[in-house]
2 protein chains.
Amino acid sequence: MAQPTVDNTRERILDQAERLFAAKGYEAVSIREITGAAESNLAAVNYHFGNKMNLYMDVFRERWLARTRRIRENFLNQLADIPEPTVSEVIGAMAREFLDGPLGDEERFRHVQLMQRELSHPGKALRMVVEEVMRPYNQQLIDLIRPNLPAATDEEHLRLCIISILGITLYFTFARPAVSMLMGHEYDEQFKTMLIEHITSFALKGLAALKEEN
Amino acid sequence: MAQPTVDNTRERILDQAERLFAAKGYEAVSIREITGAAESNLAAVNYHFGNKMNLYMDVFRERWLARTRRIRENFLNQLADIPEPTVSEVIGAMAREFLDGPLGDEERFRHVQLMQRELSHPGKALRMVVEEVMRPYNQQLIDLIRPNLPAATDEEHLRLCIISILGITLYFTFARPAVSMLMGHEYDEQFKTMLIEHITSFALKGLAALKEEN
DNA sequence: GTCTATAGCAGGATAGAC
DNA sequence: GTCTATCCTGCTATAGAC
């Protein structure tokens, strides 16, 4: 049987590259390790991607970016049934997305770690992460929340709040090993549910500070 | 003049190593780059530290750990004059410590980046960071804040709040490049003051959620 | 498109003179 | 304690057979 064989090697390499880059960082991973894990030939990376940095960027362009779209769609689907979502519902949906969403646990962790590396240690993909993903996502959250806030709410403070809420959520994701040690919990279903509730109520109150300023 | 010459080379290497590890990460920095910046000989690292990983750990043990002590002392000094500090004063002092404290701007950034790398990508220093620094610091914040909360406040929720508050503060520090892009501000004095106020009021309200649960 | 083979170089580590 | 010189491993990248 002739397989419909679309460039399977390329895909396998992208998969393993993403996994390893997320886990160890760009410099700590060798092409040999990637092609080994992908069960392909050492030379395949250069054939398909030209060089290592290009592979890294293609991981962002073809995998990471596509996944943010899936996450965003799912987030919007959660809210689609609700005509006028409350702030609590919006924040809750967002937190669930990052801590217990439709992605597998490993995939979600990988996704945030990859992003995290660019945020804290700017590389070639930072501009893409910020301009194509974070800015529009933040704006979307603002648009969803705004109707529930006083019309005079200061735009700049609101943006700081959104960044803070995302910051907490990301923090509970990528600092998972440290949080686990501090709290004495694995990230099982029970603990994740607790985290989502915590983030939602904490952030809801934090946003309330905006109301009192005006 | 005979200098009192304590092992100057060793200190210079530690300095440069810390700077470079924080900026680029362990794997991305070579011994050659470190000794070059420290204007010492290539072999000096192996002579003084044995190997590269040992140098990395000594950076944590001798520099990073010592700095956390300084930060903690300064934090306590800020509160020393106040007999019964309010939650707002405690959080404010903490946020100021990380965003605009007594350390130089570069040193503070370096400090948090180094920590951040271990939190998100566990290495050999994670246990030390968590057990010797984060856990006691968190506990100290709890002890300071507790008197202002209802006696029945759930310990676990309180700890989640503290982690969240520190998480936001760290996030605004290490994700500085991304935050700058999103907000369109450099981290000048004005912006830092704004951030400190934001964190304080946001966290204060978040903590208030605890009061209502009981 | 996949493989082997290898060029060419940078890295960590060490031996041994001073 | 500092330096030079060097070993050896492991890396990226590429050439060229299949």
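In the text below, chain A, chain B and the rest are named by the order of the sequence lines, each starting its count at 1.
Under 3.5 Å, the side chains of A/Arg110 and A/Gln113 contain no donor-acceptor pair of N or O atoms. With 3.5 Å as the limit, one finds no donor-acceptor pair spanning the side chains of A/His48 and A/Thr9.
As a whole-Å value, the separation of B/Arg32 CZ from D/dC3 P is 15 Å. When the C1' atom of D/dG1 is taken as reference, atom CD1 of B/Ile13 falls 11 Å away, rounded to whole Å. With rounding to whole Å, A/Arg10 atom CZ is found 16 Å from C/dT2 atom C1'. For the pair A/Tyr26 OH and D/dC11 P, the interatomic distance rounds to 14 Å; values are reported in whole Å. Regarding A/Lys52, its NZ atom lies at a distance of 13 Å from the C1' atom of C/dA10, rounded to whole Å. Note: CD1 (B/Ile31) to P (D/dT2) measures 16 Å, nearest angstrom.
No donor-acceptor pair under 3.5 Å is formed between the side chain of B/Ser120 and the backbone N or O of A/Ala175.
An OP1 or OP2 oxygen of C/dT2 is reached within less than 4.0 angstrom by a side-chain nitrogen or oxygen of A/Thr9. Proximity of B/Ser30 to the phosphate of C/dG11: a side-chain N or O atom is located under 4.0 Å from OP1 or OP2.
Residues from residues 33-49 of chain A that place a heavy atom under 4.0 Å from any atom of DNA chain D, listed by number: A/Leu42, A/Ala43, A/Asn46.
Ring to ring, A/Phe75 and A/Tyr137 are close: their centroids are under 6.0 angstrom apart.
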Legend entry - B/Tyr171/A/Tyr171 under ring pair (Phe, Tyr, Trp, His ring centres under 6.0 Å): CA gap, chis, key distance, verdict: CA-CA 8 Å; B/Tyr171 190 74; A/Tyr171 190 73; 8.4 Å; no
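A cation-pi arrangement is not found for A/Lys124 relative to A/Phe60, the charged atom failing to lie both closer than 6.0 Å to the ring centre and inside a 45° cone about the ring normal.
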